[in-house]
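First up is the structure itself, then whatever we jot down about it.
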Amino acid sequence: MSLIRAEKLTKTYRAGDVEVPAVRGVDFVIEPASFAAFVGPSGSGKSTLLNMVGCLDTPSGGRLTVLDTDVASLDRRTGAEFRGRHIGFIFQDFNLIPVLTAYENIEYPLIMVQEWPAARRREQVMRMLAAVGMANQANKRPDQLSGGQKQRVAVARALVANSRLVLADEPTANLDHDTAYRIIALMKTMRDELKTTFVFSTHDPKIMREAEVTFTLEDGRLAQNSAGKHG
Ligand code: ADP
Ligand code: MG
């Protein structure tokens with residue numbers, strides 16, 4: 001069974017009297033343990049698509065199935081519950097909580113969403129800190145970390161609750177090239193180890209080549225659907 005399946009998926013925003021078609025009928029399938037990317041220029045619909053997959057936004061039409069669930073049928077509360085249970089997010093601007101340490105940022109989903117007991121929580125957070133190479137930075141706050149280090153913490157936070165799916169919206173856009181490649185490599189390692197599916201978006205053609213499956217968006221439509229250099 002596919003992890004994500006979209007059929008004739010559309011999203012139209014309304015701004016007053018004006019309709020903005022952000023996604024115009026796309027079909028795609030993403031299999032479990034994929035390392036997939038949506039690629040396209042600014043405004044092509046990448047964020048809209050990822051937000052619908054992550055239940056942060058609802059489709060206007062078509063079908064969208066994520067982990068065997070028809071996510072269009074979820075309301076705000078059940079959508080949030082589904083997201084908290086199965087989906088991790090990584091954002092362009094990291095979105096770490098500034099007053100919390102690296103350790104506390106990673107621990108946050110385990111407290112807020114999943115209510116893990118303290119001992120198991122500590123063990124899991126330490127494991128994730130080590131996995132992303134940040135064990136010796138555990139007590140630093142985001143303003144004491146570099147961009148690449150902040151994104152490592154964000155990767156750990158996205159994975160800490162054993163998410164089946166991680167969505168990353170332009171996760172390397174605020175990083176220099178070397179750091180960007182290291183973050184993509186880290187995500188791929190985590191995919192290999194945990195069999196988590198990673199779906200990221202980028203408008204950077206170099207980063208795009210690191211994906212195993214790419215979907216190219218142009219003005220809300222899929223322009224081409226190709227296997228990357230590993231495929
Ligand atoms: P990308 O992430 O590829 O830059 P987006 O998905 O953010 O593209 O945007 C796709 C289109 O939808 C753009 O034309 C954008 O202006 C429009 N759009 C996105 N979000 C909204 C919104 N909340 N309200 C109105 N229009 C929006
Ligand atoms: Mg975007």
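Hydrogens, waters and symmetry mates are skipped; everything else that's a heavy atom, side chains included, is used. Atoms within each ligand, like the ligands themselves, are counted from 1 in listed order.
The presence of a protein heavy atom under 4.0 Å from atom 1 (P) of ligand 1 is confirmed. Proximity of atom 15 (C) of ligand 1 to the protein is not indicated, since no non-hydrogen protein atom lies closer than 4.0 angstrom.
Ligand-side atoms of ligand 1 in range of Ser42: 4 (O), range being under 4.0 angstrom from any heavy atom. Shown in contact with Pro41 at under 4.0 Å from a heavy atom are these atoms of ligand 1, numbered in order with element: 3 (O).
Aromatic ring centroids of Phe200 and Phe38 lie 6.0 Å or more apart.
In this structure, atom 7 (O) of ligand 1 lies nearest to the protein heavy atom Ser47 CB, 3.7 Å. Of all protein heavy atoms, the one closest to atom 12 (O) of ligand 1 is Ala22 CB, 3.2 Å. The protein heavy-atom contact nearest to atom 10 (C) of ligand 1 is Gly43 O, 3.4 Å. The nearest heavy-atom contact from the protein to atom 20 (N) of ligand 1 is Tyr13 CE1, 3.3 Å.
At least one heavy atom of Ser44 lies less than 4.0 angstrom from ligand 1.
Glu123 and Arg127 are not joined by a salt bridge, as no carboxylate oxygen comes within less than 4.0 angstrom of a charged side-chain nitrogen. In summary, Arg141 and Asp143 engage in a salt bridge, as defined by a charged side-chain N under 4.0 Å from a carboxylate O. For the pair Asp169 and Lys46, the salt-bridge criterion is not met [side-chain N within less than 4.0 Å of a carboxylate O]. Between Glu218 and Arg24, none of the side-chain N atoms (NZ, or NE/NH1/NH2) sits under 4.0 Å from a carboxylate O, so this pair counts as no salt bridge.
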So Tyr181 and Asp176, side chain to side chain contact (heavy atoms under 4.5 Å, CB included) or not? Walk me through it. CA-CA 9 Å; Tyr181 280 115; Asp176 65 70; over 6 Å; no
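Side-chain atoms of Glu31 do not come within 3.5 Å of backbone N or O of Ile4 as any donor-acceptor pair. A side-chain donor-acceptor contact under 3.5 Å links Thr101 to the backbone of Glu104.
In summary, an N, O or S atom of Ser47 is located under 2.8 Å from the Mg ion (ligand 2).
Contacts between Ser201 and ligand 1, counted as non-hydrogen atom pairs separated by less than 4.0 Å, are absent for every part of the residue.
Considering backbone and side-chain N/O of Gly45, one or more are found under 3.5 Å from N/O of ligand 1. Inclusion of Glu170 in the set of residues having an N or O under 3.5 Å from an N or O of ligand 1 is not warranted.
Between atom CD of residue Gln151 and atom CG of residue Asn95 there is a gap of 9.0 Å, rounded to the nearest 0.5 Å.
The closest heavy-atom contact to atom 6 (O) of ligand 1, among the options Val18, Thr48, Val20, comes from Thr48.
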